[in-house]
Engineer: 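Let me give you the structure first, and then I'll get to my questions.
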Amino acid sequence: MKIILAPHELKVGDVVTASRGKPESIARLRPGDAYPLQHLPIGTLVHNVELRPGQGAQIVRAAGTCAQLVHKTETFARLRLPSKKEKDVPLGCLASLGRVSNIDHKNRVIGKAGRNRWLNRRPKGQTGLDRTHWKKKRV
């Protein structure tokens with residue numbers, strides 16, 4: 001049993017397939033299936049994408065994110081990343097279909113400064129210019 005990133009529409013008991021070969025049918029592709037970019041149609045939303053074949057997924061893994069397959073050439077596929085940047089990835093790289101779950105992660109309200117400390121986030125310090133506003137030298 002392997003641990004995967006959960007796609008948005010995946011439910012308990014759903015069967016997920018992963019293969020370096022061609023899928024049986026493009027119509028049977030389900031969220032969570034992992035196939036090489038060369039076998040996916042243009043416009044597909046993918047996540048958990050490898051940068052080199054066999055190296056393991058490195059990009060588009062955060063909660064609620066996905067990349068879109070924009071263009072394919074003979075050797076590379078162009079993906080539009082969540083940052084709106086476009087990146088060329090070799091066609092042999094695996095990508096999981098769909099969007100990562102927990103889409104509302106970015107809308108969570110922290111509520112107070114202490115909760116940020118619970119999440120191991122240090123307070124944002126002031127820059128030197130902001131710190132000296134009350135003791136500026138007079139000439």
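Everything quoted here is computed from the prediction, not taken from an experiment.
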Engineer: Is Lys72 reaching over with its side chain to a backbone N or O of Gln38, donor-acceptor style, under 3.5 angstrom?
Structural biologist: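 Answer holds: yes.
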
Engineer: Nearest 0.5 Å please: distance from the CG atom of Leu51 over to the CG atom of Asp88.
Structural biologist: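 It is 11.5 Å, given to the nearest 0.5 Å.
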
Engineer: Tell me, do Leu29 and Leu40 make a side-chain contact under 4.5 Å, heavy atoms counted?
Structural biologist: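 The answer is yes, as the side chains (C-beta and beyond) meet within the 4.5 Å cut-off.
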
Engineer: Considering only heavy atoms from C-beta outward, does the side chain of Lys112 approach that of Trp118 to under 4.5 Å?
Structural biologist: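 Result yes, sub-4.5 Å side-chain heavy-atom pair found.
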
Engineer: Give a yes or no on whether Glu24 atom CD has more than 12 heavy-atom contacts from other residues, nucleotides or ligands under 6.0 Å away.
Structural biologist: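 No, CD of Glu24 has 12 or fewer neighbouring heavy atoms, counting only those of other groups under 6.0 Å.
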
Engineer: Do any N or O atoms from the side chain of Glu50 and from the backbone of Leu94 form a donor-acceptor pair under 3.5 angstrom?
Structural biologist: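 Yes: the side chain of Glu50 pairs with the backbone of Leu94.
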
Engineer: Roughly how far, to the nearest 0.5 Å, is the NZ atom of Lys87 from the NZ atom of Lys85?
Structural biologist: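 One finds 8.0 Å between NZ of Lys85 and NZ of Lys87.
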
Engineer: Going through the distances and angles, do Ile110 and Arg121 end up as a side-chain contact (heavy atoms from CB on, under 4.5 Å)?
Structural biologist: CA-CA 12 Å; Ile110 300 294; Arg121 296 184 193 145; 3.8 Å; yes

Engineer: Minimum heavy-atom separation for Gly92 and Pro36, please, with both atom names.
Structural biologist: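 Where Gly92 meets Pro36 most closely, the heavy atoms are O-CB, 4.1 Å.
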
Engineer: Mark yes when over 12 heavy atoms from residues, nucleotides or ligands other than Arg52 sit less than 6.0 Å from its CZ; otherwise mark no.
Structural biologist: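 No, the 6.0 Å shell around CZ holds no more than 12 heavy atoms from other groups.
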
Engineer: For a 4.5 angstrom cut-off between non-hydrogen side-chain atoms, does Val60 reach Val46?
Structural biologist: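 Counting from C-beta outward, Val60 and Val46 never come under 4.5 Å.
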
Engineer: Is the backbone N or O of Ala6 less than 3.5 Å from a side-chain atom of Ser101, with the two atoms forming a donor-acceptor pair by type?
Structural biologist: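 Yes, because the side chain of Ser101 sits within donor-acceptor range (under 3.5 Å) of the backbone of Ala6.
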
Engineer: Could you check whether any side-chain heavy atom of Leu45 comes within less than 4.5 Å of a side-chain heavy atom of Leu97, counting everything from C-beta outward?
Structural biologist: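 Not in contact.
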
Engineer: Side-chain heavy atoms under 4.5 angstrom apart, residues restricted to Ile, Leu, Val, Met, Phe, Trp, Tyr: same cluster for Ile26 and Leu37?
Structural biologist: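 In one cluster: yes.
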
Engineer: With the side chain counted from C-beta on, respond yes when Val70 and Glu86 share a heavy-atom pair under 4.5 Å apart, and no when they do not.
Structural biologist: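 Yes, side chains in contact.
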
Engineer: Where do Gly54 and Arg20 come nearest, in terms of heavy atoms and distance?
Structural biologist: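 Where Gly54 meets Arg20 most closely, the heavy atoms are N-NH2, 3.2 Å.
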
Engineer: Distance-only, no hydrogens or angles: does the Asn116 side chain make a donor-acceptor pair with backbone N or O of Ala113 under 3.5 Å?
Structural biologist: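 Not at all, since once roles are kept as given, no pair shorter than 3.5 Å links the two residues.
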
Engineer: Counting C-beta onward and ignoring hydrogens, is there a side-chain heavy-atom pair between Leu91 and Thr75 closer than 4.5 Å?
Structural biologist: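 Heavy-atom side-chain distance check fails, nothing below 4.5 Å.
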
Engineer: Keeping His47 on the side-chain end and Cys66 on the backbone end, is there a donor-acceptor pair under 3.5 Å?
Structural biologist: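 No: the side chain of His47 does not pair with the backbone of Cys66.
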
Engineer: How many angstroms lie between atom CD of Glu9 and atom CZ of Arg30, to the nearest 0.5 angstrom?
Structural biologist: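 If I round to the nearest 0.5 Å, the distance is 8.0 Å.
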
Engineer: Hey, could you give me each pair passing salt bridge (Lys or Arg N to Asp or Glu O under 4.0 Å) that has a residue in residues 89-101? Not counting sequence neighbours.
Structural biologist: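 Passing the test, one end in residues 89-101: no pairs.
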
Engineer: Would you say Arg61's side chain and Asn48's backbone share a donor-acceptor pair under 3.5 angstrom?
Structural biologist: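 Not at all, since once roles are kept as given, no pair shorter than 3.5 Å links the two residues.
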
Engineer: Are Leu81 and Val89 connected in the hydrophobic side-chain network, where two residues link if heavy atoms are under 4.5 Å apart?
Structural biologist: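 Per the 4.5 Å side-chain linkage, Leu81 and Val89 are co-clustered.
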
Engineer: Could you pull out all residues at least two apart from Thr17 that satisfy side chain to side chain donor-acceptor pair (under 3.5 Å)?
Structural biologist: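 Only Asp33, Tyr35 meet the side chain to side chain donor-acceptor pair (under 3.5 Å) criterion with Thr17.
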
Engineer: In the structure I gave you, are the side-chain heavy atoms of Thr65 and Ile103 within less than 4.5 Å of one another anywhere?
Structural biologist: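 Side-chain contact under 4.5 Å: no.
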
Engineer: Measure the CG-CD1 distance between Leu79 and Ile59 for me, rounded to the nearest 0.5 Å.
Structural biologist: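 It comes to 6.0 Å.
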
